[in-house]
Amino acid sequence: MGDRLYIGIDLGTFQSTIASSAGGLDTMETVVGKPKDPVARNFLGRDVLFGADALKNKLACNLFRPMAAGVAQDDEANLAAAKAFVTHLIDTVDPEEYDEVFGVICSPSHITFTDKSNLVATLRGQVNAIMVVSVPFATAFGLDEIGGSIVVDIGAGTTDIARIYGTFPSEDDEDTLSHAGDWIDEQLMDLIEKKYTGAQLTKDMTRGMKEKYSYVGDEDRECMVELSVEGKKQIVDIGDLVRESCEAAMPYIVSGIKAVVATADPEYQPILRNNIIISGGGSLIDGVAGRIADELSDIGDVNVWCCDDPITQVATGALKLAEVMPDEQYTSIN
Ligand SMILES: Nc1ncnc2c1ncn2[C@@H]1O[C@H](COP(=O)(O)OP(=O)(O)OP(=O)(O)O)[C@@H](O)[C@H]1O
Ligand SMILES: [Mg+2]
């Protein structure tokens with residue numbers, strides 16, 4: 001038995017994390033770069049690049065984000081990129097030193113049933129047996145909160161909301177919204193471009209500004225950024241726009257939570273209302289738990305909190321689950 005490695009994998013639309021029973025923990029952006037032409041291939045000295053390495057060399061590469069929302073899962077180039085990415089992610093925890101690898105995998109909620117067979121194809125040859133669980137369930141399991149909680153995972157592509165009461169949630173227990181990190185970035189980019197005509201922004205620049213300054217609340221804060229406006233440097237305050245774009249997502253998330261509470265068994269509703277856990281990168285928006293709690297106060301007493309280590313929580317929860325599940329729970333994919 002000592003020769004079995006357990007792994008937990010969080011495949012995210014923006015970034016992915018792997019945790020292993022040997023103590024490995026690694027997060028990288030879910031991005032794959034293929035050199036654009038033979039010159040680029042020669043200059044880079046490798047056929048495929050991953051995560052930060054791919055981004056650093058993005059001008060010499062065709063970039064793939066194989067888990068992003070809207071990527072067709074039957075698109076061959078993306079499927080190949082997904083497989084290469086997952087192989088690379090698993091390689092970081094040295095699986096070849098073990099006789100077998102058992103993994104619990106969390107995949108983005110837009111990966112539908114037919115796509116799950118792609119997921120299996122992607123993992124075949126690297127993992128002997130897998131179990132696929134939802135992101136909110138892995139989070140709750142890792143936090144020892146499966147007894148009664150609502151997990152609200154604000155990721156990049158989606159916000160996944162689920163009620164958890166002691167067992168695996170069914171589809172009825174979960175809801176997925178497209179109001180998450182990428183959506184906030186789009187709002188912010190629109191607002192900046194409207195206010196500063198000619199501002200030259202990329203999605204990555206906008207995301208960086210949001211991550212540095214994100215907040216919700218009643219008062220505008222000062223957030224000074226450097227913009228290129230028609231090639232000319234300008235230092236401007238985008239504090240009001242950061243607040244507006246983060247605030248814009250709140251009503252959708254709050255109504256999502258209300259719906260998940262309202263359709264629960266009425267005897268459980270007070271327990272669920274009292275343990276609402278915010279996770280995912282969006283939980284790093286300053287003030288988000290308090291803001292959501294205020295908006296929920298009309299449904300009774302609520303307790304809303306943000307989990308620690310939101311970026312690695314899903315993978316460490318998946319690993320914890322992997323280590324305690326009996327073998328019958330796994331599907332062999334040899
Ligand atoms: N300090 C921050 N403030 C606001 N948003 C942040 C912050 N740090 C990271 N984020 C956002 O969190 C998102 C990434 O979070 P996470 O890693 O949970 O997503 P993911 O798992 O890749 O996506 P998904 O769960 O939708 O598949 C990005 O949109 C990122 O910009
Ligand atoms: Mg995620």
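Worth knowing before you read on, the calculation uses all heavy atoms, side chains too, and leaves out hydrogens, waters and symmetry mates. Order of appearance sets the numbers: ligands from 1, and atoms from 1 within every ligand.
Below 30°, between 30° and 60°, or above 60°: for Phe50 and His88 the angle between ring planes is below 30°, a parallel geometry.
The salt bridge (charged side-chain N to carboxylate O under 4.0 Å, His left out) check on Glu174 picks up nothing, with sequence neighbours excluded. Annotation: side chain to side chain contact (heavy atoms under 4.5 Å, CB included) contacts of Gln126 (sequence neighbours excluded): Val86, Thr87, Ile90.
Protein residues having at least one heavy atom under 4.0 Å from any atom of ligand 1 are Gly12, Thr13, Phe14, Gln15, Asp153, Gly155, Ala156, Gly157, Thr158, Gly181, Arg207, Lys210, Glu211, Ser214, Gly280, Gly281, Gly282, Leu284, Ile285, listed by chain and number.
The pair Lys258-Glu295 does not meet the salt-bridge criterion, since no charged nitrogen lies less than 4.0 angstrom from a carboxylate oxygen.
In terms of heavy-atom proximity, Val314 sits nearest to Ala138 at O-CB, 3.8 Å.
For residues 310-326, the pairs satisfying side chain to side chain donor-acceptor pair (under 3.5 Å) are Asp144-Lys320, with sequence neighbours left out.
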